[in-house]
2 protein chains.
Amino acid sequence: MKKNTKNVSICPVSEALKVIGGKWSLQIINEIGLQKRRFGELKRLVPGISEKMLIQELKSLVGFGILHRKAYKEIPPRVEYSLTEYGVKVLPIISQIQIFGNELINKKEN
Amino acid sequence: MKKNTKNVSICPVSEALKVIGGKWSLQIINEIGLQKRRFGELKRLVPGISEKMLIQELKSLVGFGILHRKAYKEIPPRVEYSLTEYGVKVLPIISQIQIFGNELINKKEN
DNA sequence: AGTAATACAAACTTTTTTGTTAGTACCTTA
DNA sequence: TAAGGTACTAACAAAAAAGTTTGTATTACT
């Protein structure tokens, strides 16, 4: 495994989980997909999320370079979020997790 | 999206995260891979994990049908963990996360 | 009799994550 | 003048996850 400057191992899985490890990030990324989504739109699309968690996650993902944020200078405000070229690389993870999640659901039904 | 008996939506991603959403589960599953691993072995292989978290996760994963636990009636005790047929289906998720994690690491280095 | 090895268990504390509530700025329209 | 719509912010509370410490059973070996 790779080491950092202090010669401590860096685990790719751990590094990834710092970015997409929370309760909501994957759901948000999934709803954005290859589109542009407004804040209010995401609020509706991600069921159960609070406004606080939504902005918190959006900010974090923007900070990690996963999301791009475009604010229009209008009143009332309009902000659009979309995946960056890095963000797009999260989508295959989601696909795999969905496959597994569906297996779990089918398994439960027995 | 699928609905359960109470007509509430079930999200495959959420369901999957209930099983593999913690800090350690993916690392543990990754270390087991297609082999058999003893408790003590995993303790060494997963750096930084406490004994408590290790058994807690192992128990949980056994409960979800991801891991198989085989205890030998010996003293000192010997217990071997391995992936079930369901557990094996987590490996592609890990592969994808590793790809993404490595991208993050490379990105940081600039 | 004392120690070592292995795989845990239980009680408790700390840390992290998530949720709740109330409030802001700005312009438009009634 | 007052209310409405949008994207936030901040303070605080609750819940969930993770960490720490101490202890257990069993047998073999010294």
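Keep in mind that what you see is a predicted model, and the values were worked out from it rather than measured. Below, chain A is the first sequence line, B the second, and so on; all start at residue 1.
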- prompt: Is any side-chain N or O of A:Lys43 closer than 4.0 Å to OP1 or OP2 of D:dA7?
  reply: no

Please round to the nearest 0.5 Å and tell me the distance separating atom [atom1] of [X] and atom [atom2] of [Y].
X: A:Leu54; Y: A:Lys52; atom1: CG; atom2: NZ; answer: 12.0 Å
X: A:Leu58; Y: A:Tyr81; atom1: CG; atom2: OH; answer: 4.5 Å
X: A:Glu103; Y: B:Glu85; atom1: CD; atom2: CD; answer: 9.0 Å

Gap between atoms [atom1] and [atom2], on [X] and [N] respectively (whole Å):
X: A:Arg69; N: D:dA7; atom1: CZ; atom2: P; answer: 10 Å
X: A:Trp24; N: D:dA16; atom1: CH2; atom2: C1'; answer: 14 Å
X: A:Arg44; N: D:dG5; atom1: CZ; atom2: C1'; answer: 12 Å
X: A:Leu42; N: D:dA7; atom1: CG; atom2: P; answer: 9 Å
X: B:Ile55; N: D:dG23; atom1: CD1; atom2: C1'; answer: 13 Å
X: B:Leu54; N: D:dG19; atom1: CG; atom2: P; answer: 12 Å

Kindly say whether [Y] contributes a backbone atom to a donor-acceptor pair with the side chain of [X] at under 3.5 angstrom?
X: A:Asn30; Y: A:Leu26; value: no
X: A:Thr84; Y: A:Ile66; value: yes
X: A:Arg69; Y: A:Val62; value: no

Counting the atoms with a prime plus P, OP1 and OP2 as sugar-phosphate, which does [X] contact under 4.0 Å by heavy atoms, base, sugar-phosphate, or nothing?
X: B:Glu51; result: base
X: B:Tyr81; result: sugar-phosphate
X: B:Gln56; result: nothing

- line: Result for 5'-nearest mapping on DNA chain D, choosing between A:Ile75 and A:Lys59, is A:Ile75

message: For DNA chain C, which residues of residues 14-22 of chain B approach it to below 4.0 angstrom with any heavy atom?
response: none

task: Considering non-hydrogen atoms only, spot the tightest contact between A:Gln96 and B:Pro92 and give its length.
output: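 The answer is NE2-CB, 3.1 Å.
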
- request: Indicate the atoms forming the closest heavy-atom contact of B:Ala16 with A:Phe100, along with that distance.
  value: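 In this case the closest contact between B:Ala16 and A:Phe100 is CB-CD2, 3.9 Å.
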
message: For B:Lys52 and B:Phe39, find the nucleotide of DNA chain C closest to each by heavy atoms; which residue's nucleotide sits nearer the 5' end?
response: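 On the 5' side of the pair lies B:Phe39.
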
message: Reading DNA chain C in the 5' to 3' direction, which nucleotide is the first one with an atom under 4.0 Å from a heavy atom of chain A, and which is the last?
response: C:dT18 to C:dC27

query: Nearest of D:dG19, D:dT6, D:dA10 to any side-chain atom of A:Pro76?
result: D:dT6

query: Does B:Val79 belong to the same Ile/Leu/Val/Met/Phe/Trp/Tyr cluster as B:Ile75, with side-chain heavy atoms less than 4.5 Å apart forming each link?
result: no

